[in-house]
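Only one structure is covered here, and it is reproduced in the block below.
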Amino acid sequence: MSLTPAQTVATREEFKANIANSGLSLAAIGQALGTTASVIAQSVDMHPRRIEDNWIIREYLLTYLTAHHLPVTPFTALTGDYHRYWFLDAATIERGVID
């Protein structure tokens, strides 16, 4: 999935907003997803090691925010059911681990 420059900027801001809404540190998110804060930072800065990483982070944040009744900033490019995108490995996203 190639994002336009505008979508890339918007997605980066949406990640930052949802991380702020969660109150979680990048280290806490990294620990929950089996990776490091620097890998999370690289991904949310729109330089993921693999395309599924941002979807894993997205799913984690949306689940966390919803479970804790916190506000969600909607994603405008990373939308819909990831199972419908032929280029994504759904099993990798479902595992919820960034390794």
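What you see is a predicted model; the values in this text were computed from it and never measured.
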Student check: side-chain heavy atoms of Ile57 and Asn54 closer than 4.5 Å: yes
Between Val44 and Val9, is there a shared hydrophobic cluster once you connect ILVMFWY residues whose side-chain heavy atoms come closer than 4.5 Å? no
Rounded to the nearest 0.5 Å, how far does CG of Asp89 lie from CH2 of Trp55? 13.5 Å
Would a 4.5 Å heavy-atom cut-off, applied to side chains only, mark Asp53 and Gln42 as touching? no
Can you check whether His83's main-chain N or O pairs, donor with acceptor, with Asp81's side chain at less than 3.5 Å? yes
Looking only at non-hydrogen atoms, find the nearest pair between Ile56 and Thr92 and report the distance. CD1-O, 3.7 Å
Please test Ile40 against Ile98 for side chain to side chain contact (heavy atoms under 4.5 Å, CB included), starting from the C-alpha separation and ending with a verdict. CA-CA 9 Å; Ile40 299 299; Ile98 298 175; 4.1 Å; yes
Nearest heavy-atom contact between Thr76 and Ala10 is OG1-CB, 4.0 Å
Distance check, rounded to the nearest 0.5 Å: Tyr85 atom OH versus Ile51 atom CD1? 10.0 Å
Separation between CZ (Arg58) and OG (Ser43), nearest 0.5 Å, reads 15.0 Å
Minimum heavy-atom distance Ser2-Gln7, with the two atoms named: O-OE1, 4.3 Å
Distance, nearest 0.5 Å, that separates CG of Leu70 from CG of Leu24: 8.5 Å
Neighbour count above 12 (heavy atom, 6.0 Å) for Glu94 CD: yes
Of all the heavy-atom pairs spanning Gly96 and Leu33, show the shortest one and how long it is. O-CD2, 3.3 Å
Co-membership, hydrophobic cluster, residues Val97 and Leu62, 4.5 Å side-chain: no
Is there a donor-acceptor pair under 3.5 Å between the side chain of Glu52 and the backbone N or O of Ile93? no
To the nearest 0.5 Å, how far apart are OG in Ser22 and OH in Tyr60? 7.5 Å
As a quick check of understanding, evaluate side chain to side chain contact (heavy atoms under 4.5 Å, CB included) for Asn21 and Val72, giving each step before the final call. CA-CA 7 Å; Asn21 291 348; Val72 174; 5.8 Å; no
According to the ring pair (Phe, Tyr, Trp, His ring centres under 6.0 Å) rule, which pairs have a member within residues 11-30, sequence neighbours left out? Phe15-Phe75
By salt bridge (Lys or Arg N to Asp or Glu O under 4.0 Å), which residues pair with Asp99, not counting sequence neighbours? Arg50, Arg95
Point-to-point distance, once rounded to the nearest 0.5 Å, from CD1 of Ile29 to CD1 of Ile19: 4.5 Å
Provide the full list of ring pair (Phe, Tyr, Trp, His ring centres under 6.0 Å) pairs with a residue in residues 19-43, sequence neighbours left out, each pair given once. none
